[in-house]
Amino acid sequence: MPENNDTEPKIGVFICHCGSNIAGYLDMEALADYAQTLPHVAFVQRNLYTCSETGINEIKKGIEDHNLNRVVVASCSPRTHEPLFRSSCEEAGLNPYLFEMVNIRDQCSWVHMKEKEDGTAKAKDLMAMGIAKAALLKAQNPIISEVTPRALIIGGGMAGMTAALGLANRGYEVVLVERETSLGGLLNQLNRLGPSMINAADVVQEKVKAIMNHPEVTVFTEAGVVDVKGFIGKFQVGIETRTGIKNIDIGVIVVAIGGAPFVPHGMYGYNGQTVITQFEFEQRLKEGPDPEIKNIVMIQCVGIRNEERPYCSRICCQTAVKNAMLLKDHNPDANVFILYRDMQMYGVENEEMFRDSKAKGVRYIHYDPAIPPEVESHKVKVYHSLLGKDMALPADLVVLSTPLVAHKDVGETSQLLRVPVDENGFFLEGHVKLKPLDFATDGIFLCGSARFPANIRETIAQGLGAASRASIPLSKGSVVVEPIISVLADEDACRGCGLCVPLCPYGALEIEHNQKGRKVHVIDVACKGCGVCAATCYQHALTINSFTDEQIDAQIDAFLA
Amino acid sequence: MTKDVLIIGGGIAGIQASLDLADMGVKVHLVEKLPSIGGKMAQLDKTFPTNDCAI
Amino acid sequence: MLDVGRHPNIELLAYSEVENLEGQAGDFRITVRKKARYVEENKCTGCGACSEKCPTTVPDAFNEGLGTRRAVYAYFAQGIPSTRTIDPDHCRQLKGKKCGICAKICQADAIDFDQKDRMMELNVGAIILAAGYDVFDPSLIPEYRYREIPNVVTAIEFERILSASGPTGGHVDRPSDLAVKADIEPLEKKINKSGRTLEKFEKKYNQTSQEFYTSYTPGEYVDDDDLKKWSDKYRDHFSIVQTLEALKKKAKTFDPAKRLAFIQCVGSRDFRFYPFCSGYCCMHSIKEAIIANEHDPETTSTIFGMDIRAVGKGFEEYKIRGGNTSGITYVRGRAAEITEGPEHNPVVIYEDTRERKVKSQDFDMVILATACAPSKGIVELSKILGIALDDYGFVKTSALSPVDTTVPGIFVCGCAESPMDVPESVAQASSAAERAAEIVFQPDFEKGKAIA
């Protein structure tokens, strides 16, 4: 990229009419005349549409004809048009970071449609500020860092295996790390999966076979990640295996450590024998249910949707309905009651299963959490809130539907990778709506019940999705970062206090020891230029490229002048 | 040489699929029947649970 | 959305439809119809000058018909591409009348009334279907009287009412009140016009219209056309003024809606229509109730539902928070009927299943949480693509291959697959991208492992 770090700034100012969007409400001639009077301005031009092909050519011609070394466009929003203008500058031989945009439309002409005079005065101020900043801009070059073409998947359950296979099928090397002796995760202990009642063991077996036979996948069982250094594209990961620590270079990481069924000690007389969890009931169903058991009562929302654990664990209702149906298949005469608060049978398949279960004779009783059921010997007492009366249901077996809670490894994994968890202990994605499978930190992804309880269909979808997300940096081969990032502009001023390090949302700061002592180091490829560190640094040692203190001071001075 | 991918529908799902593939280096053709992409989500004022702007 | 518009690897074919498909995974050949916009995409800068001057007003689909747009329009303000489109069903020029104002206004010379549909051929390795869903039409449920009671709206209509960029500027104005306000404007225009005519008479005869009319006895000026016209004009004028004043007086009493009811499972979990649960509607209602309360903290909402299904991450907490801080009451029960009370207030009749009583309550506005219906075009599209649909019209998949359709190389994501919310759609979209990538990239497995 051209350097253009030169002597005297020569600024070209291009003022866009945006048809009548700007010109209809502001005095364009006055703006142009005013720009001409500002320091370092060498050329001023008005365009009907600066973003049109004609407008772009005018910018290029201006740079050439007038030897401009800074360009300011006063028009619309940088959100939509800055990339276009930057690349136009570059095509004309000017470093794209010597460009500044002033928004005189969205924040000026549009909001002051009825105040031409005041609007024009405001546009003048905005332009003076932009031009003052432009004079101080420095050429920047994008930061490029290679990506090691290898993925690490932490967790060998359904989510992790699916993500691993996806990446491997795309031709990327995958390292899969599993704590337990075998792959499969929670699925190993489940019976059949609703609503299609497929055998969980078959599903696991097929997936494990594909993983083991895949030339691109290396599996470490009874292993754990013990050390993670580096950043996207260049992680150095230490994995503790049966044969000692292996240090492996990794490009991207997928977190798929799953969740764990909650054990309801001290609740509803839980004893693991006559009062068991839904998870334990799965294992009994796997072995074939006891034909002696005629009366079963299931209680939903045990240890969940309360003050301690306020969330809904999403999958417990569908699990209970599925198991109730399986039991009825085995023993159509059995009485199965499900005591519930809300039956969370969302979507097409779940609601169908819910309906079918009623046809099979599974019975549902609504209870109020303020008046919870009481488990006694061989019976469950419940206040039927819809009938308004107390009932006593005979019960040979009581099954408690407990939630999936955060896996015990969450804390350690979160610390190693420097990624956040939410108030319920599940990993917190980059954006709950739009980035469900990405962490805010580049190069680290998540899927499955480590994110939030998920059924088999959702887990597989998320595993594939995480593979897609993780494959993007791998397929690019390098990470290119906009150079508008934090820099340690004044190394001497940095006292290495480390205040900034935990505040960085992207894990882009670390304290290092060099000849000058403890100093902060910015991992440039991880930095997003948000400016939190620069705002925190009381020594003003950190600053953001293209938003330096000097540049912002100049803007304030220009406004007050 | 990598083949292109066709995506039918320019709502949030089609947009996300397009961006993923395009970022992998795949050429994507995104077909939308309406004059603009954005789908139903663009009609939403804000989204739960964070109440972020939908656009 | 913006990223799609400027991504070098994405060719955006908006206002286009797939017409034909041949071939198989790895080598599909597709015919796409690019519909004529009558605006040249490479010239239009999206400035909007044409829409400002266009004389033809059309109900605005983006605002669910609650507002209006012009015959040359942007689908919505921030739409990508920003290229305007001329609606051939309403444009005067394209309907053969004299107009062409937009072509004269456009400084970019982008209007082209002669543009034709263009057919394009594409060759791709894989296809992802993300055709979305349609909002269930609640007028099919007679007992909710959606079309009859003006203040019964759908959730997506209410979304536009809440939106600052919507037809009411984000004020929760009741449709019945908006209708009255909408009546005021043309009446004002009318009396301005007749006022000017009366002025001419007043000047001519040097008398105020009122004085003239008071002294006038019907039948008096039968022979004098001019004076008869004056008296007729004044009579009409006066009656409009009275109507207008009554409307204005009424409009002054209008308050934004403060007592809201949300009816869940409208078309969903209903054997007459869709037996499935649409998944997202409970949260949609809770969100709208919370936003309405943010607009005005006096707003209260009652949500009528059988189960409140808050199953996503953070949803249950959001539901509880809504109840505690945003004036939401949850009533367990399905609304049986909606009738119209005084002041166009909808009255909800329901059984409170916890109290085992049939009750009725009147509200300022009722919002129907409509089902996620399969997209109307999906049957035809599925025939073109050769993929199977399920019993309802969603694209058929299986639990273990959640984004694979019945045709190899064609994948599905989002609400075309089944009802789901935004994060699930986004996650599924990435899954479909992964499956498509597995086809279009041909990896070389020969190189072997680096890690033993």
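Any value given below was found using the heavy atoms of this structure, including those in side chains, with hydrogens, waters and symmetry copies removed. Since the model is a prediction, treat every value here as computed from it, not as a measurement.
Counting heavy-atom pairs closer than 4.5 Å to chain C, the top-ranked of the candidates A:Cys447, A:Gly19, A:Gly166 is A:Gly166. Taking A:Lys207, A:Glu429, A:Glu423 one by one and counting their heavy-atom pairs under 4.5 Å with chain C, the maximum is reached by A:Glu429. If you tally non-hydrogen atom pairs under 4.5 Å between each of C:Ala427, C:Ser425, C:Gly46, C:Gly279 and chain A, the highest count goes to C:Ala427. When the candidates C:Gln428, C:Arg332, C:Glu52 are compared by the number of heavy-atom contacts under 4.5 Å with chain A, C:Arg332 comes out ahead. Ranking A:Ser313, A:Gly465, A:Ala466 against chain C, the residue ahead of the rest is A:Gly465, based on heavy-atom pairs under 4.5 Å. Note on A:Phe426, A:Tyr49, A:Tyr340, A:Tyr311: by heavy-atom pairs under 4.5 Å with chain C, the leading option is A:Tyr49.
How far CD of A:Gln344 is from SG of C:Cys282: 8.0 Å, rounded to the nearest 0.5 Å. Rounding to the nearest 0.5 Å places OG of C:Ser398 at 7.5 Å from CD1 of A:Ile198. The CG atom of C:Asp307 sits 10.0 Å away from atom CE of A:Met345, with the distance rounded to the nearest 0.5 Å. From A:Phe452, atom CZ reaches atom CZ of C:Phe315 across 8.5 Å, with rounding to the nearest 0.5 Å. Note: A:Arg457 CZ to C:Ser401 OG = 9.5 Å, rounded to the nearest 0.5 Å. Taken to the nearest 0.5 Å, the CE atom of C:Met420 stands 9.0 Å off from the CD atom of A:Glu458.
Proximity to chain A (any heavy atom under 4.5 Å) is restricted, for C:Glu417, to the side chain, taken from C-beta onward. Neither the backbone nor the side chain of C:Tyr274 comes within contact range of chain A, judged by heavy atoms closer than 4.5 Å. For C:Ala310, the part lying under 4.5 angstrom from a heavy atom of chain A is the backbone only. With a 4.5 Å cut-off on non-hydrogen atoms, C:Leu400 touches chain A through its backbone and its side chain both. Heavy-atom distances place no part of C:Lys43 under 4.5 Å from chain A, backbone and side chain included. The part of C:Phe271 that comes within reach of chain A is its side chain, from C-beta onward, which places non-hydrogen atoms under 4.5 angstrom from that chain. Both the backbone and the side chain of C:Arg354 come within contact range of chain A, with heavy atoms under 4.5 Å apart. With a 4.5 Å cut-off on non-hydrogen atoms, C:Thr45 touches chain A through its side chain but not through its backbone.
Across every non-hydrogen atom of C:Ser418 and A:Val348, the tightest pair is CB-CG2, 4.2 Å. In this structure, C:Pro402 and A:Ala461 approach most closely via the heavy-atom pair CG-N, 3.7 Å. Nearest approach of A:Asn21 to C:Cys47, heavy atoms of both residues: ND2-O, 2.7 Å.
Between C:Glu438 and A:Arg170, no side-chain nitrogen of the basic residue sits less than 4.0 Å from a carboxylate oxygen of the acidic one, so the salt-bridge criterion is not met. One finds no salt bridge joining A:Arg469 and C:Glu434 here, because no Lys/Arg side-chain nitrogen approaches an Asp/Glu carboxylate oxygen to under 4.0 Å. Taking 4.0 Å as the cut-off between side-chain N and carboxylate O, A:Arg314 and C:Glu424 count as a salt-bridged pair. Salt bridge annotation for C:Glu316-A:Arg309: absent, with no cationic side-chain nitrogen under 4.0 angstrom from a carboxylate oxygen.
Applying the side chain to side chain contact (heavy atoms under 4.5 Å, CB included) criterion to C:Ala74, with sequence neighbours excluded, gives C:Arg84. Shown here are the ring-ring contact (aromatic ring centres under 6.0 Å, His included) partners of A:Tyr364, two or more places apart in sequence or in another chain: A:Phe354. Judged as a side-chain hydrogen bond (donor to acceptor under 3.5 Å, both in side chains), and not counting sequence neighbours, C:Asp390 has no contacts.
Side-chain N or O atoms of C:Lys313 include none that pairs as donor or acceptor with a backbone N or O of A:Val432 at under 3.5 Å. Remark: the backbone N or O of C:Ile308 is paired with a side-chain donor or acceptor of A:Asp342 at under 3.5 angstrom. Judged by distance alone, with hydrogens and angles left aside, the side-chain atoms of C:Arg356 form a donor-acceptor pair with the main-chain N or O of A:Ser385 at under 3.5 Å.
A heavy-atom distance below 4.5 Å is not found between the side chains of A:Leu464 and C:Ser430.
Of residues 102-111 of chain C, those residues with a non-hydrogen atom less than 4.5 Å from any non-hydrogen atom of chain A are, in numerical order, C:Gln107, C:Ala108.
Taking a 6.0 Å sphere around CD of A:Glu206, one finds it holds 12 or fewer heavy atoms contributed by other residues, nucleotides or ligands. The environment of C:Lys359 atom NZ is dense: over 12 non-hydrogen atoms of other residues, nucleotides or ligands sit within 6.0 angstrom.
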